[in-house]
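Below, chain A is the first sequence line, B the second, and so on; all start at residue 1.
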Amino acid sequence: MKIASWNVNSLKVRIPHLTQWLADARPDVVALQETKLEDTKFPVDELAAAGYQAVYAGQKTYNGVAILARNDTGLAFEDVVTDIPGLDDPQRRILAATIGGVRVVDLYVVNGKAVGDEKYAYKLHWLERVKDFLAEEIQRHPKLVVLGDFNIAPDDRDVYDPVSWGEEVLCSPPERAALKAIKELGLHDSFRLFEQGDGHYSWWDYRQGAFRRNMGLRIDLILLGDTLKSSARGAAIDREPRRWERPSDHTPVTVDLDID
DNA sequence: ATGGTGGATAGTCCA
């Protein structure tokens, strides 16, 4: 089973990119973030034509998450969750579904704007509530994958210039501690099971030719529970769609699991 | 240079 995560930064704009990439990469499951679409406007037909079914939790203009599953796997979505228990939040940032016995939790983590901003405080609070939710999910579902745009670079290897980034938002110690606490539930960064080096990024700012100069961050993650960690056969960042015309500022990340 | 690029939307907000 090949699982992917991609922040598309507007699914309306990126439908051609997504369908091209689905045809090229043939993932079984794809978690999307920043769809920026109300559910009534979700491109169900275009994705069905591409061979994928979807569940989605969207809103106008901002946020929005979706999970796609390839139709020819014959798998259905079960136990769909669109809200964090105990967090009354109109922002559509979480979507969980079970597909073929694998529990998939798609996250679009709060950006936080800047350390000290009220959005930063909301980010840390949101991550606390997510951790509590995941603590329950990991008990309920041994085959757990938690993936998405975490808006946190796990450590300095994941940052193109850690000195200038310093302790700014996306790199600050409290954010990294919140991610570490989530990992300590028993979730493993799939990319780091296979690659220890620096210079591997999943997001590059649109400005100042950041992609061309590889000035990026690795903030899109696929975390695997212990059971799925044992099944992992590879993990990758596919930089190709970032080179295309009118790209998302994020590129897809993938993991290959030796199951089914 | 307090900028810069891009999306949604229609004067800004968000990333």
Side-chain angles (χ1 to χ4, degrees), chain A residues 5-21 30-43 46-47 56-66 87 89-95 106-127 130 147-154 158-172 174-176 178-179 201-221 237 239-253:
Chain A
S5 176
W6 194 2
N7 179 323
V8 291
N9 186 19
S10 169
L11 185 51
K12 183 182 175 185
V13 172
R14 239 62 75 180
I15 262 286
H17 307 69
L18 178 59
T19 53
Q20 182 64 58
W21 188 74
V30 186
L32 303 177
Q33 305 86 36
E34 285 203 90
T35 56
K36 299 185 176 180
L37 285 174
E38 292 172 290
D39 289 347
T40 54
K41 298 191 174 170
F42 196 87
E46 289 94 327
L47 290 169
Y56 35 90
Q59 66 184 96
K60 196 175 177 179
T61 309
Y62 303 119
N63 309 312
V65 282
L87 188 72
D89 189 355
Q91 300 191 19
R92 303 292 83 197
R93 296 183 175 274
I94 186 165
L95 181 61
D106 179 13
L107 302 179
Y108 174 47
V109 174
V110 178
N111 173 285
K113 191 176 168 89
V115 175
D117 192 275
E118 65 180 26
K119 292 191 176 75
Y120 179 81
Y122 164 55
K123 179 179 198 172
L124 296 178
H125 176 72
W126 191 90
L127 286 163
V130 165
L147 76 175
D149 176 359
F150 281 73
N151 269 316
I152 302 170
D158 303 306
V159 181
Y160 74 90
D161 184 355
V163 173
S164 69
W165 271 87
E167 299 189 351
E168 299 290 319
V169 73
L170 311 188
C171 298
S172 75
E175 293 168 83
R176 286 179 168 172
L179 176 58
Y201 309 129
S202 64
W203 170 84
W204 301 261
D205 198 284
Y206 283 119
R207 293 167 282 194
Q208 298 175 317
F211 179 65
R212 181 175 49 77
R213 300 153 73 189
N214 198 30
M215 297 168 67
L217 302 179
R218 193 175 68 90
I219 55 177
D220 298 273
L221 310 176
I237 302 173
R239 295 160 61 102
E240 195 55 35
R242 190 62 177 78
R243 300 189 179 97
W244 296 346
E245 204 71 32
R246 207 179 181 191
S248 169
D249 46 352
H250 297 250
T251 211
V253 299

(message) As a quick check of understanding, evaluate side-chain contact (heavy atoms from CB on, under 4.5 Å) for E175(A) and L124(A), giving each step before the final call.
(response) CA-CA 7 Å; E175(A) 293 168 83; L124(A) 296 178; 4.2 Å; yes

(message) Short of 4.0 Å, heavy atom to strand atom, which residues of residues 6-14 of chain A count as contacting DNA chain B?
(response) N9(A), S10(A), V13(A), R14(A)

(message) Between Y56(A) (side chain only) and P43(A) (backbone N and O only), is there a donor and an acceptor less than 3.5 Å apart?
(response) no

(request) Return yes if some donor-acceptor pair links the side-chain N/O of R14(A) with the main-chain N/O of P247(A) below 3.5 Å, else return no. (result) yes

(message) Once you apply a heavy-atom cut-off of 4.0 Å, does F211(A) come out as touching a base, just sugar-phosphate, or nothing?
(response) nothing

For residues 210-220 of chain A, which side-chain donor-acceptor pairs fall under 3.5 Å, sequence neighbours excluded?
residue, atom, partner, partner atom, Å
R213(A), NH1, Q208(A), O, 2.6
N214(A), OD1, W204(A), NE1, 3.0
N214(A), OD1, R239(A), NH1, 3.3
N214(A), ND2, G199(A), O, 3.3
R218(A), NE, D158(A), OD1, 2.8
R218(A), NH1, D189(A), OD1, 3.2
R218(A), NH1, D189(A), OD2, 3.2
R218(A), NH2, D158(A), OD1, 3.2
R218(A), NH2, D189(A), OD2, 2.8
D220(A), OD1, H250(A), ND1, 3.3
D220(A), OD2, S202(A), OG, 2.6
D220(A), OD2, H250(A), ND1, 2.8

(message) Whole angstroms only, please: what is the CZ-P distance between F150(A) and dA15(B)?
(response) 17 Å

(message) Rounded to the nearest 0.5 Å, what separates atom CH2 in W21(A) from atom CH2 in W244(A)?
(response) 9.0 Å

(request) Let me know the distance between CH2 of W203(A) and P of dC14(B), rounded to the nearest Å. (result) 17 Å

(message) On DNA chain B, does the nearest nucleotide to K36(A) precede the nearest nucleotide to Y62(A) from the 5' side, or the other way round? Give the residue.
(response) K36(A)

(message) Taking the nucleotide of DNA chain B with the nearest heavy atom to each, does R246(A) or D249(A) sit closer to the 5' end?
(response) R246(A)

(request) Take atom CD1 of I15(A) and atom C1' of dG7(B), then tell me their distance rounded to the nearest Å. (result) 16 Å

(request) Can you measure from CD (E34(A)) to CG (L11(A)) and round to the nearest 0.5 angstrom? (result) 11.5 Å

(request) Give the rounded distance in Å between these two atoms: OH of Y120(A) and P of dC14(B). (result) 18 Å

(request) Give a yes or no answer on whether the side chain of S10(A) reaches the backbone of K36(A) with a donor-acceptor pair at less than 3.5 Å. (result) no

(message) Any side-chain to backbone donor/acceptor pair from N151(A) onto V109(A)? Under 3.5 Å, distance only.
(response) yes

(request) Take atom NE2 of H250(A) and atom P of dT5(B), then tell me their distance rounded to the nearest Å. (result) 18 Å

(message) Considering every strand and a 4.0 Å limit on heavy-atom distances, what is the contact class for K113(A): base, sugar-phosphate, or nothing?
(response) nothing

(message) For the residue pair N63(A) / R92(A), report whether a side-chain donor-acceptor contact shorter than 3.5 Å exists.
(response) no

(request) Figure out the OH/C1' separation between Y206(A) and dG7(B), and round it to whole Å. (result) 7 Å

Give each protein N/O atom lying under 3.5 Å from an N/O atom of nucleotides 2-4 of chain B, with the pair distance.
residue, atom, partner, partner atom, Å
dG4(B), N7, R207(A), NH1, 3.2

(message) What is the distance, to the nearest angstrom, from the CH2 atom on W204(A) to the C1' atom on dA15(B)?
(response) 16 Å

(message) In whole Å, I'd like the distance from the CD atom of E34(A) to the P atom of dG7(B).
(response) 12 Å

(message) Can you check the distance between dT12(B) and dA1(B), where both ends of the measurement are the P atom (answer in whole Å)?
(response) 26 Å

